[in-house]
Structures are given as C-alpha cells and as structure tokens.
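Shown next, in structure tokens, is the structure this report addresses.
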2 protein chains.
Amino acid sequence: MADVFEALAAPARRAILDELIDRDGQTLFEICARLTMKHDLSLTRQAVSQHLTVLEAAGLISTRREGRCKLHFLDTTPLTEAVVNRWLKPKRKNDNA
Amino acid sequence: MADVFEALAAPARRAILDELIDRDGQTLFEICARLTMKHDLSLTRQAVSQHLTVLEAAGLISTRREGRCKLHFLDTTPLTEAVVNRWLKPKRKNDNA
DNA sequence: TTGACAGGCAAGTCGACACTTGCCTATTAT
DNA sequence: ATAATAGGCAAGTGTCGACTTGCCTGTCAA
C-alpha cells in the first residue's frame, strides 16, 4: 500500500474524497464533472484518473467494474490507522479528556 | 494557517511529529540528533529548521524561546480538524459503530 | 572580550509530481 | 459493422519543494 499522506498531499485528491463522501460509488466522469462544478477544479479526465490511481494505491478508495463503468468507493480505514492511531491516540495517554 | 496536509506530506516532518510525541518540548539540535538516531534521517540542521517552520505555520507545533534555546511543542488539534472532522466523522453518520 | 553554542536568512540545485496531449482498448447501442 | 461511451497507457513539460551551502545574529561562560 502506497503512502496515505502522499495521497492526501494534492488538494484535488482531497476534493475527490469529499465528493465520494457526498456520494459514494461514482464513475470517473461523474467525479470529473462534480470537481468542476462544486470545487472549481477543471481537470482533464486523465488527471482525475491518475489521482484515483494514487488514492486506490493508498487504500483510500476501492473500485468495482460494472460493465464499461468503474465505480469508486471511499474507504477511510487507512486514515484512522495513519493519523488517529499514530498521533491522536498516543496523546490521549497523557490528557484523556 | 498554512495547509496541514502539505505539512504532513514530507516523511521527515511526520518523523518530527513522532519525536515530539515521544518527548515534547525539544530543541532544534535535539530533534536533529533523534532523527538521525531513531529514524535513520541524517538531515542538515537547516533542513530540520525549515521543516519546523512549515509545521509551525500549519499549527502543528508551537514554540517558546528559553534563553538561546527554542523549544518545540506538539499540537494535534489541526489534525483533528483537518482529518477527523472532514472525513471520519461524516462517515459515522451512516455507519455509526 | 573572546569563543562556543543555538538558531536564522538567503540563494542555489535537483528531483519528483501534477497535469497535459495523443493514441489505444473495451463495452454498449444503432 | 460502426459509432459513441467509459476508461487506460505512455511520453513530455513545468513548477514547486526538499535539501544543501555559506554566512550572519543572539546568548552564555571563560
């Protein structure tokens, strides 16, 4: 699994995660359209496709083919492992509020 | 406040956060030494200093001068706001386990 | 006051990555 | 079969950031 933080580094990829939270299981073209509409990000289809590849390599999204469509689903478990378990939980050892 | 995710993008900066979790309030030289020892990161003092600047700009660390030393303290609140409140909590609306 | 220690500023190099362009494959409908 | 849809592969460009080198400022002890 690739680096979760490297995947989160690009603003476009964070916007994609936002989009998948809003509506899970979108296709590449749907994501492209909604990025342009709601996030003012006018990217090429290839650009979004490469972002999706990075996100999938980081385990943040999973995909399923459906005929000629490829659906993308959000998975936030790597986020919990990478951020919460690494920095947020250890601090709770001292100040558990 | 600068971008939290951009601050987390560099592995060296994440290692610095790990170091400050292990021992809070370290100086620049202490962090330099411990990065070399425990993380196999042999960086210049200036490199670490620039990383600390980025982390402080992102609000992830706060500093306090103490004579000729500058102590660095971890602050994880931006992490919660940027990650948990953005992606982890919204998912809990559907599947709250 | 001189030297050592802790840190800051500025310019320069270099590699990685975000993005584009161009073309190709696979699935579905007419 | 042909065209349209949904997506993939590969190469190229350009910018940004991580890191270094060199020098300067401030603090403390002798």
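Each chain gets a letter, A, B and so on, in the order its sequence line appears, and its residues count up from 1. Not measured: the values here are computed from a predicted model.
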Group every Ile, Leu, Val, Met, Phe, Trp and Tyr by side-chain heavy-atom contacts under 4.5 Å, then state whether [X] and [Y] land in the same group.
X: Leu41(B); Y: Ile16(B); result: yes
X: Val54(A); Y: Leu52(A); result: no
X: Leu60(A); Y: Leu71(A); result: no

Establish whether the base of [N] is bridged to the side chain of [X] by a donor-acceptor pair shorter than 3.5 Å.
X: Glu66(B); N: dT27(D); result: no
X: Gln50(B); N: dG8(C); result: no
X: Gln46(B); N: dG8(C); result: yes
X: Arg65(B); N: dG26(D); result: no
X: Glu6(B); N: dG17(D); result: no

Report summary line: Ranking Arg45(A) and Arg68(A) by the position along DNA chain C of their nearest nucleotide, the one closer to 5' is Arg45(A)
In whole angstroms, how far is the [atom2] atom of [N] from the [atom1] atom of [X]?
X: Leu52(A); N: dG8(D); atom1: CG; atom2: P; value: 8 Å
X: Leu55(B); N: dG17(D); atom1: CG; atom2: P; value: 15 Å
X: Leu35(B); N: dA18(D); atom1: CG; atom2: P; value: 15 Å
X: Leu41(A); N: dA18(C); atom1: CG; atom2: C1'; value: 12 Å
X: Leu28(B); N: dC9(C); atom1: CG; atom2: P; value: 12 Å
X: Phe29(A); N: dT28(C); atom1: CZ; atom2: P; value: 16 Å
X: Ile16(A); N: dC19(C); atom1: CD1; atom2: C1'; value: 13 Å
X: Leu71(B); N: dT27(D); atom1: CG; atom2: C1'; value: 14 Å

Answer yes or no: does a side-chain N or O of [X] lie under 4.0 Å from OP1 or OP2 of [N]?
X: Lys70(B); N: dT27(D); result: no
X: Arg13(B); N: dA18(D); result: yes
X: Thr27(B); N: dA6(C); result: no
X: His51(B); N: dG17(D); result: no

Requested in this report: Inspect the contact between Glu81(B) and Arg86(B) and indicate whether a charged nitrogen and a carboxylate oxygen are less than 4.0 angstrom apart.
Outcome: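 No, this pair does not count.
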Query raised in the report: Taking 4.0 angstrom as the limit, do Arg34(A) and Asp18(A) come out as a salt bridge?
Result: no
Report task. Using a heavy-atom cut-off of under 4.0 Å over every strand shown, decide if Thr44(A) touches base, sugar-phosphate, or nothing. Result ->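 Touches a base.
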